[in-house]
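Being a predicted model, the structure only gives us computed values, none of them experimental. Heavy-atom basis, side chains included; hydrogens, waters and symmetry copies ignored.
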Amino acid sequence: MKKKTTLSWVLYDFGNSAFATTIMAAVLPVFYYDVAAVGVDENLAASFWGYSQSIAVLIVAILAPILGAISDYSAAKKKFLRFFAYMGMLASILLAFVGEGDYLFASFLLIIGTIGFSGGNVFYDAFLPEIAEEQEIDKVSSAGFAWGYIGGGILLAINILMILKFDWFGLPNATVASQVSFASVGLWWFLFSLPLFRNIKEEKKKVVKREKSYAAIGFSRVASTFKDLKHYKQLLLFLLAFWMYNDGISTIIKMATIYGRDIGIDGNSLIAALLITQFVGIPFTFFFGWLAKKISAKKALTLSLYVYMGIVVLGYFMTSAIHFYLLAICVGMVQGGAQSLSRSIFGRMVPDNKHAEFFGFYGISSKFAAIFGPFLFAFVGQLTGSSRLGIISLVIFFIGGIILLKFVNIEKGMEDAKRLTNDAEKVKVITK
């Protein structure tokens with residue numbers, strides 16, 4: 001049963017990663033630039049895309065801790081996951097109706113889809129400590145990201161073939177093929193979500209009579225968790241580090257394609273490079289799971305961040321499709337490892353009785369972080385008229401993250417979580 005549940009959990013990543021690849025990273029940025037924003041100044045098209053990303057993650061950042069607290073109180077992680085997943089699926093399908101000049105409609109659907117994708121991941125991540133044993137959490141987390149690369153990569157490969165050889169699929173042109181690819185994301189995501197929705201079981205909790213609305217409970221729990229964070233000093237320090245470096249990572253994911261388009265690299269080369277990233281990421285995500293056991297998760301994560309610093313610097317000097325391919329390979333080598341190890345390190349230091357609530361904070365730190373990177377990229381690009389200066393500015397996020405991560409003591413964080421959980425249980429027994 002444990003293996004079946006774990007497989008179902010992994011398959012959700014296999015399905016929803018198509019949104020990250022086809023819509024957030026590869027096809028939609030090019031489609032937005034060339035079709036939806038046709039007639040808009042080129043620099044402004046890239047900036048509008050960045051602002052749309054920032055608005056989306058700002059909304060998710062505000063919602064994430066509240067929804068995490070509510071799901072803990074109501075034992076409703078599965079219901080919330082389903083709700084947000086369906087939101088993302090529907091937005092993906094509706095993107096098929098975006099045409100020339102519809103950049104506002106495209107931005108709106110991108111925002112709704114991102115809320116669905118990111119909001120759902122708050123509850124998806126919160127299931128990790130429940131389905132994985134402590135000694136297996138790095139392995140399971142890495143498997144989720146690795147199979148996410150496979151699932152997202154397979155559908156992206158199909159969509160690229162559809163766009164390049166649209167006549168093979170009976171489609172009139174590449175624009176229609178791109179629109180069909182957006183709809184395929186929603187269907188793919190739905191199909192591979194079904195095992196999770198059927199097989200995952202939440203930990204049973206004692207039903208407590210509710211005297212307030214869930215919204216009021218959510219806000220009060222969030223306030224309580226903010227106060228509690230001072231007792232989890234290592235966890236808080238890790239969140240600050242994660243906030244910094246994840247801003248750089250998420251901005252590279254979301255802005256790389258439209259940045260490449262803005263400096264003159266053709267759309268097909270950009271999409272192909274993103275496909276390379278997906279399949280390079282598969283073995284290297286497993287590799288980082290192995291490396292974490294050999295040298296520790298913290299050292300393996302730090303190594304990936306140094307590679308990201310090099311990627312940003314080299315991205316500033318990029319001039320050709322070959323350069324973009326090389327950078328895509330480098331990103332594929334470290335992207336899954338950095339994300340999976342971040343999730344498992346955090347999962348180790350989360351108290352057992354507050355998984356969703358604290359993963360809500362994990363969500364808010366990553367989402368608030370993701371606001372500033374795209375905004376900085378967009379603002380610098382609009383202010384200077386050069387996207388290159390926007391991309392090089394991201395190096396500060398990796399430098400800050402590495403410095404803060406140096407002071408994180410994971411073992412001490414795990415001890416704090418266990419001690420405070422035991423103290424809470426003792427208080428419950430006494431009050432009874």
Side-chain angles (χ1 to χ4, degrees), residues 64-65 68-69 72 122 125-142 145 203 221-249 288-306 308 337-366 368-369 397-429:
D72 264 345
V122 170
D125 289 344
F127 277 113
L128 177 59
E130 294 181 17
I131 66 168
E133 302 294 337
E134 183 178 309
Q135 64 273 18
E136 296 292 319
I137 195 168
D138 284 331
K139 181 179 178 181
V140 174
S141 183
S142 295
F145 273 102
E203 293 179 343
R221 288 284 296 274
V222 169
S224 175
T225 306
F226 268 117
K227 293 179 182 178
D228 287 347
L229 275 175
K230 65 184 179 183
H231 301 299
Y232 302 88
K233 293 181 180 179
Q234 298 303 318
L235 182 63
L236 178 58
L237 186 58
F238 176 75
L239 278 175
L240 293 173
F242 178 70
W243 181 88
M244 289 293 294
Y245 69 73
N246 190 65
D247 200 342
I249 293 174
F288 269 93
W290 171 84
L291 186 64
K293 285 191 174 182
K294 294 294 182 180
I295 67 173
S296 84
K298 178 180 169 180
K299 289 180 180 178
L301 175 59
T302 302
L303 174 63
S304 73
L305 300 182
Y306 278 115
Y308 265 116
Q339 292 175 319
S340 64
L341 292 177
S342 297
R343 182 168 62 184
S344 60
I345 289 171
F346 183 82
R348 282 190 175 93
M349 296 188 284
V350 170
D352 290 339
N353 59 336
K354 296 185 177 182
H355 287 159
E357 186 173 334
F358 273 75
F359 266 101
F361 276 93
Y362 182 78
I364 195 173
S365 63
S366 65
F368 265 123
F397 296 112
F398 295 109
I399 293 173
I402 290 170
I403 292 172
L404 288 171
L405 189 61
K406 181 180 180 180
F407 297 99
V408 176
N409 187 323
I410 299 173
E411 289 71 24
K412 180 67 167 56
M414 293 170 63
E415 292 174 4
D416 289 343
K418 289 180 179 179
R419 174 175 54 80
L420 291 166
T421 299
N422 291 335
D423 289 347
E425 292 300 322
K426 290 177 181 178
V427 170
K428 288 182 180 179
V429 171

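Interatomic distance, CG of Leu239 versus CE of Met349, reported as 7.5 Å (0.5 Å rounding). Separating the OG atom in Ser296 from the CG atom in Leu341 is a distance of 9.5 Å, to the nearest 0.5 Å. Between atom OG of residue Ser304 and atom CZ of residue Phe288 there is a gap of 5.0 Å, rounded to the nearest 0.5 Å.
Residues satisfying the side chain to side chain donor-acceptor pair (under 3.5 Å) test with Tyr245, not counting sequence neighbours, are Ser342. Residues that satisfy the side-chain contact (heavy atoms from CB on, under 4.5 Å) test with Leu236, not counting sequence neighbours, are Leu229.
No side-chain heavy atom of Asp416 sits less than 4.5 Å from a side-chain heavy atom of Leu235. Side-chain contact between Val350 and Tyr232 is absent, with no heavy-atom pair separated by less than 4.5 Å. Side-chain contact check for Tyr306 versus Thr302: some heavy-atom pair is nearer than 4.5 Å.
Evaluation of the salt bridge (Lys or Arg N to Asp or Glu O under 4.0 Å) test over residues 337-349, restricted to residues two or more places apart or in two chains, returns Asp125-Arg343, Asp138-Arg348. Under the salt bridge (Lys or Arg N to Asp or Glu O under 4.0 Å) criterion, no residue pair touches residues 291-305, with sequence neighbours excluded. Screening residues 233-246 for salt bridge (Lys or Arg N to Asp or Glu O under 4.0 Å), with sequence neighbours left out, gives no hits.
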Between side-chain atoms of residues 397-410 and protein atoms elsewhere (two or more places apart, or another chain), which donor-acceptor pairs fall under 3.5 Å?
from, atom 1, to, atom 2, distance (Å)
Asn409, OD1, Glu411, N, 3.2
Asn409, OD1, Lys412, N, 2.9

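Nearest approach of Ala338 to Ile249, heavy atoms of both residues: CB-CD1, 3.9 Å. Residues Leu128 and Ser141 share a closest heavy-atom pair of CD2-CB, 4.0 Å.
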